[in-house]
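Heavy-atom basis, side chains included; hydrogens, waters and symmetry copies ignored. Each chain gets a letter, A, B and so on, in the order its sequence line appears, and its residues count up from 1.
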There are 2 protein chains.
Amino acid sequence: MENLTRRQQEIYDYLVENAKLFDHPPTHDELCRALGLTSRGSLHKHIQALVQAGLVEPLDRSRRGIRLVEQRDREQGIPFLGTIAAGRPIEAVPQPEYMQVPDELLGGKSCYVLKVRGDSMIEEGILDGDFVVIERRDSADNRDIVVALVNNEEATLKRIEQKPGQVILHPANAGMQSMSYAPHQVQIQGVLRALLRSYR
Amino acid sequence: MENLTRRQQEIYDYLVENAKLFDHPPTHDELCRALGLTSRGSLHKHIQALVQAGLVEPLDRSRRGIRLVEQRDREQGIPFLGTIAAGRPIEAVPQPEYMQVPDELLGGKSCYVLKVRGDSMIEEGILDGDFVVIERRDSADNRDIVVALVNNEEATLKRIEQKPGQVILHPANAGMQSMSYAPHQVQIQGVLRALLRSYR
DNA sequence: AGAATAGAGAACGAATGGAGAACAGGCAAC
DNA sequence: GTTGCCTGTTCTCCATTCGTTCTCTATTCT
């Protein structure tokens, strides 16, 4: 979206205000009077600029033909749900905050964010304190890194290996061991899609 | 990045203040009045210096055409400049793309993005293919991870240790060795602030 | 002295904001 | 119907402001 000039901004602001007060958008003449213009022609150029900027919808040649484009609710990001630490349930934050994540990283899928506690995946470059972006899924491909709920009580971030009648969760830490479960003990809650780390 | 002169700093500070108060940047004339100048021509030279320093975005010949780079970052993301591989100069992409990065990760500083090639920082959880967010700076604290230009020809991402008369760059890979240089051989180009990884 | 920094002022071209005429389509009153 | 009137659109023309470029000068620091 391009930048508006002073005058264009002024007109847009007026339209927004006006929309709150009246059902109908103003005519060009009304706009001219409100803004101190004497020529509809001049005004029209500004309106066109607003159309170009995608802020206004043109209703060709119809009267009061200025509609504000619905401001697409600014994307508030994806929810930050809490902390995941191996051996515990996900510790949810009381009121979910939201985090702006680059679209490139999540590819239009439904995702959420967790903060990693612990070193169980350190050899995969997932460190204590990192934020992981998880795609909501209840199944995963083999070798995916997943959020798994084990025995309905503890949640972990592990690489998954699914064999017939057996599910193995592999940590990436030489000091820890892979654990094997029966399929019904392990519920997949999502698949790792991206990782964010702050060095602040 | 070069140092600003007194006057340039003054102008930059004014622009930052102004940006908080108004939607639109000032015209050159307004700037002149605010700073006690009578000639736009003089001001223009200073603005050019700020553009050169990467603090201001030039909007050629358009009015009120002074955008703080910081502000642009918020709107369209921060520039993805290219690839950094130990032992080579930064390989720039032809036309810089932009990447939307969560504000939380960069804290209002002027930053850019590089893609990491190689395993030199693998033990710090920085893997081949990761994207690193770098704050533009020409100095760093000890133990910071920095983008350093060595002998004006090769760029690397390393942890820095600055001693009197000596600069040591530490990789995080047991198979590699720390390198020691004279201070004038090493030019800091930025400090690691965040990391993004995609598992797609 | 020479370089770096700072400023003045003129001059040019482009962006902006505006005026007004002319045309076209819809709507209501006649 | 058709006759005006209101309104949106298109067009040309104009004035001012503003960014840029240029040359010339002053000050400060090394």
Side-chain angles (χ1 to χ4, degrees), chain A residues 1-19 21-69, chain B residues 1-19 21-69 71-72 138 184:
Chain A
M1 169 159 38
E2 309 214 341
N3 280 320
L4 301 181
T5 67
R6 278 271 162 109
R7 208 58 167 143
Q8 288 160 14
Q9 184 77 53
E10 212 175 302
I11 294 174
Y12 181 69
D13 290 345
Y14 181 86
L15 286 174
V16 172
E17 276 309 304
N18 192 282
L21 299 177
F22 304 103
D23 298 351
H24 299 285
T27 66
H28 284 196
D29 267 350
E30 287 168 356
L31 261 180
C32 282
R33 275 194 294 279
L35 298 165
L37 290 180
T38 55
S39 161
R40 273 168 303 163
S42 315
L43 175 68
H44 185 257
K45 271 195 301 189
H46 292 135
I47 307 264
Q48 286 305 85
L50 292 179
V51 170
Q52 199 67 32
L55 295 171
V56 152
E57 196 102 52
L59 295 181
D60 258 13
R61 297 194 177 276
S62 78
R63 300 194 169 189
R64 299 180 178 275
I66 308 174
R67 282 281 180 312
L68 291 175
V69 167
Chain B
M1 172 163 27
E2 305 191 358
N3 284 324
L4 300 181
T5 67
R6 253 195 302 276
R7 207 54 166 148
Q8 287 161 13
Q9 186 71 51
E10 209 175 308
I11 294 174
Y12 182 68
D13 291 344
Y14 181 86
L15 286 173
V16 171
E17 276 310 302
N18 191 282
L21 299 177
F22 304 103
D23 298 354
H24 296 276
T27 66
H28 284 194
D29 267 350
E30 286 169 357
L31 261 180
C32 282
R33 276 194 294 280
L35 298 166
L37 291 181
T38 54
S39 161
R40 271 170 298 160
S42 316
L43 175 68
H44 185 256
K45 271 191 302 187
H46 292 136
I47 307 261
Q48 287 304 85
L50 291 178
V51 170
Q52 200 66 32
L55 295 171
V56 151
E57 187 102 52
L59 295 181
D60 257 13
R61 294 192 180 274
S62 82
R63 299 192 161 189
R64 302 180 178 277
I66 309 174
R67 275 279 181 297
L68 295 175
V69 163
Q71 193 170 337
R72 185 216 51 201
D138 53 11
H184 76 271

Going from [atom1] on [X] to [atom2] on [Y], what distance comes out if it is rounded to the nearest 0.5 angstrom?
X: B:Arg40; Y: B:Glu30; atom1: CZ; atom2: CD; value: 12.0 Å
X: B:His46; Y: B:Gln9; atom1: NE2; atom2: CD; value: 12.5 Å
X: B:Leu43; Y: B:Thr38; atom1: CG; atom2: OG1; value: 11.0 Å

Are [X] and [Y] close enough that some pair of their side-chain heavy atoms sits under 4.5 Å apart?
X: A:Leu4; Y: A:Leu55; answer: yes
X: B:Arg7; Y: B:Glu10; answer: yes
X: B:Ile66; Y: B:His28; answer: yes
X: A:Thr5; Y: B:Ser62; answer: no

Taking [atom1] from [X] and [atom2] from [N], how many angstroms apart are they, rounded to a whole number?
X: A:Glu57; N: D:dG8; atom1: CD; atom2: C1'; value: 17 Å
X: A:Arg33; N: D:dC6; atom1: CZ; atom2: P; value: 11 Å
X: B:Gln48; N: D:dT21; atom1: CD; atom2: P; value: 7 Å
X: B:Asp29; N: D:dT16; atom1: CG; atom2: C1'; value: 12 Å
X: B:Leu43; N: D:dT21; atom1: CG; atom2: C1'; value: 14 Å
X: B:Ile11; N: C:dA6; atom1: CD1; atom2: C1'; value: 10 Å
X: A:Ile47; N: D:dT10; atom1: CD1; atom2: C1'; value: 15 Å
X: B:His28; N: C:dA15; atom1: NE2; atom2: C1'; value: 13 Å

Examine C:dG17: is either OP1 or OP2 under 4.0 Å from a nitrogen or oxygen in the side chain of A:Thr5? Give yes or no.
->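 For A:Thr5, the contact criterion (side-chain N or O under 4.0 Å from OP1 or OP2 of C:dG17) is met.
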
Does A:His44 place a side-chain N or O at less than 4.0 Å from the phosphate oxygens OP1/OP2 of D:dG8?
->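 No, because none of the side-chain N or O atoms of A:His44 sits under 4.0 Å from OP1 or OP2 of D:dG8.
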
Using a cut-off of 6.0 Å, state whether more than 12 heavy atoms not belonging to B:Gln48 lie near its atom CD.
-> yes

Polar-atom pairs under 3.5 Å, protein N or O versus N or O of nucleotides 26-29 of chain D: list them with distances, or write none.
none

Set out, line by line, the N/O atom pairs under 3.5 Å between protein and nucleotides 18-22 of chain C.
{"residue": "C:dG18", "atom": "OP1", "partner": "A:Arg7", "partner atom": "NE", "Å": "2.8"}
{"residue": "C:dG18", "atom": "OP1", "partner": "A:Arg7", "partner atom": "NH2", "Å": "2.8"}
{"residue": "C:dG18", "atom": "OP2", "partner": "A:Arg7", "partner atom": "NE", "Å": "2.8"}
{"residue": "C:dG18", "atom": "N7", "partner": "A:Lys45", "partner atom": "NZ", "Å": "3.3"}
{"residue": "C:dG18", "atom": "O6", "partner": "A:Lys45", "partner atom": "NZ", "Å": "2.9"}
{"residue": "C:dA19", "atom": "OP1", "partner": "A:Thr38", "partner atom": "OG1", "Å": "2.8"}
{"residue": "C:dA19", "atom": "OP2", "partner": "A:Thr38", "partner atom": "N", "Å": "2.9"}
{"residue": "C:dA19", "atom": "OP2", "partner": "A:Thr38", "partner atom": "OG1", "Å": "3.1"}
{"residue": "C:dA19", "atom": "OP2", "partner": "A:Ser39", "partner atom": "N", "Å": "3.4"}
{"residue": "C:dA19", "atom": "O5'", "partner": "A:Thr38", "partner atom": "OG1", "Å": "3.0"}
{"residue": "C:dA19", "atom": "N7", "partner": "A:Ser39", "partner atom": "OG", "Å": "3.3"}
{"residue": "C:dA19", "atom": "N7", "partner": "A:Ser42", "partner atom": "OG", "Å": "2.7"}
{"residue": "C:dG20", "atom": "N7", "partner": "A:Ser39", "partner atom": "OG", "Å": "2.8"}

Do you know which of B:Leu31, B:Leu35, B:Asp29, B:Leu37 makes side-chain contact (heavy atoms from CB on, under 4.5 Å) with B:Arg33?
->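 Answer to the side-chain contact (heavy atoms from CB on, under 4.5 Å) test with B:Arg33 among B:Leu31, B:Leu35, B:Asp29, B:Leu37: B:Asp29.
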
B:Thr27 side chain: which of D:dC18, D:dT7, D:dT9 is closest?
->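 Nearest to the side chain of B:Thr27 among the choices is D:dC18.
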
